[in-house]
Amino acid sequence: MTVLLAVRPDFSLPAVVRSHGWIQMVPFAELPDGGLSYIVRLSCGIVVRFTVQAITSGLRVDTTDILSVEEQSELQETITWMLGLEQDFGKFYQLARQEPKLAKMVERKAGRVLRSPTLFEDVIRTILTTNTLWQHTLKMCRELVRRFGDPLPTNHDLHAFPTPERLALENEATFREQIRMGYRAPYVVNLAQVVASGVLDLEDYKTSSLPMPQLRKELMKIIGVGGYAAANLLMLLGRYDYVPVDSWALKVVSNEFFGGAPITPKQVLTTFERWGEWQGLAYWFWDWKVN
DNA sequence: GGTAGACCTGGACGC
DNA sequence: GCGTCCAGGTCTACC
């Protein structure tokens, strides 16, 4: 079935889809026209594949199944969150237009960051990106989805991202041996268990009114989420007043602003401080020198 | 608050 | 084929 969605004038679907590496991780996939394909498990338990494509009047959403009114509504809410359709970048674009290194991103209508349907999923993905090579991250995610995600009824080779409840049934050894997660295994087990049991309501953070420093502290209470991971999650939550500093950030900021000399994470943060509530975005979409 | 070392995997490299 | 080195963040212990 087909559903149409309206978007703001500053929205670009390919810009969101290609905003970062999530699109390379199952069950995300990019369509040839820059659109999005994703397999989602709705709250009623059905697994649906949907595609999103840009059309003149906004977005066209096609699903593999006929959905009830409630399911359609849930799917629309999910897509709105995933693509950041609710976000307004007017104020940021005004500032960014005055910075040559951000001119291209304004032109591309970039700024939105592709999100998973749930924060639980984004936390797991983020943990899988830490302290390893990107190819290993992709492999861990692929195996996690293939082994524990509910299959698409029309194609059992495709799966939705596993639920906290499903992952909470597994133990550390399974994740170490089958998913090759290494020391990250207890982090994932713990997160699945606290979310599945209701001890931690991660999805509540999507609408949290906590100031950034407190929200960052809350995120860092999750075992396996340190400074970088928390900053990355803040970006995904639409909080852009902090920069996710990893080894890449140290490298590009050093090359751009410090002549390639070794720098500290604090120097990265100081460099982007002037962007205030938008510093995360300014860093993320900066037109970095490529060496 | 800052620092050092352990934790894991997988790719690159030398033998 | 085997061993070694390295990259990549987080946690814990210690100062």
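Chain letters run A, B, ... following the sequence lines, proteins first and then strands; every chain starts at 1.
Rounded to a whole Å, the CE atom of A/Met220 is 14 Å from the C1' atom of C/dT12. We find that CH2 of A/Trp248 is positioned 12 Å from P of C/dG9, with the value rounded to whole Å. Computed from coordinates, the A/Ile127 CD1 to C/dG8 C1' distance equals 15 Å when rounded to whole Å. When the C1' atom of C/dG8 is taken as reference, atom CD of A/Gln135 falls 14 Å away, rounded to whole Å. For the pair A/Met181 CE and B/dC8 P, the computed distance is 14 Å after rounding to whole Å. If you take NZ of A/Lys251 and P of C/dG9, they are 12 Å apart, rounded to a whole angstrom. One atom, CD of A/Gln267, and another, P of B/dG2, lie 13 Å apart when rounded to the nearest Å. The distance between atom CH2 of A/Trp134 and atom C1' of B/dG11, rounded to the nearest whole Å, is 17 Å.
Phosphate contact (OP1/OP2 of B/dT9, side-chain N/O of A/Lys139, threshold under 4.0 Å): absent. Put simply, A/Ser247 has a side-chain N or O that comes within less than 4.0 Å of OP1 or OP2 on C/dG9.
The OG1 atom of A/Thr118 sits 8.0 Å away from the CG atom of A/Leu202 when rounded to the nearest 0.5 Å. Between the NE2 atom in A/His20 and the CZ atom in A/Phe285 there is a gap of 8.5 Å [rounded to 0.5 Å]. Atoms OH and CD, on A/Tyr242 and A/Glu273 in that order, are 10.5 Å from each other to the nearest 0.5 Å.
Distance from the side chain of A/Ile223 is smallest for C/dC11 among the nucleotides C/dG9, B/dT9, C/dC11. The side chain of A/Arg184 lies closest to C/dG8 when the candidates are C/dT10, B/dC7, C/dG8. Checked against C/dG9, B/dG2, C/dG8, the side chain of A/Lys266 finds its nearest nucleotide in B/dG2. The listed nucleotides are B/dT9, B/dC8, C/dT10; the one nearest the side chain of A/Arg180 is B/dT9. Of the listed nucleotides (C/dG8, C/dG9, C/dT10), C/dG9 has the atom at the smallest distance from the side chain of A/Tyr183. Comparing atom distances between the A/Leu133 side chain and each of C/dC11, C/dG9, B/dG11 picks out B/dG11 as nearest.
Listed by first and then second residue, the ring-ring contact (aromatic ring centres under 6.0 Å, His included) pairs that reach into residues 158-178 of chain A are A/Phe148-A/Phe175, sequence neighbours excluded.
For A/Arg97 (side chain) and A/Val106 (main-chain N/O), no donor-acceptor pair under 3.5 Å exists by modelled atom type.
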Practice problem: Apply side-chain contact (heavy atoms from CB on, under 4.5 Å) to A/Phe11 and A/Leu5, showing your working. | Solution: CA-CA 12 Å; A/Phe11 179 84; A/Leu5 292 177; over 6 Å; no
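For the 3.5 Å distance criterion, the side chains of A/Asp122 and A/Trp22 qualify, holding a donor opposite an acceptor. Checking A/Arg41 against A/Thr163 by side-chain atom types alone, no donor-acceptor pair falls below 3.5 Å.
Nucleic acid contact class of A/Ala185 (heavy atoms, under 4.0 Å, all strands): none. Using a 4.0 Å heavy-atom criterion, one finds that A/Leu250 contacts no nucleic acid atom at all.
From one end of the helix from B/dG1-C/dC15 to B/dC15-C/dG1 to the other, with five pairs defining each end axis, the axis direction shifts by 30° (rounded to 10°).
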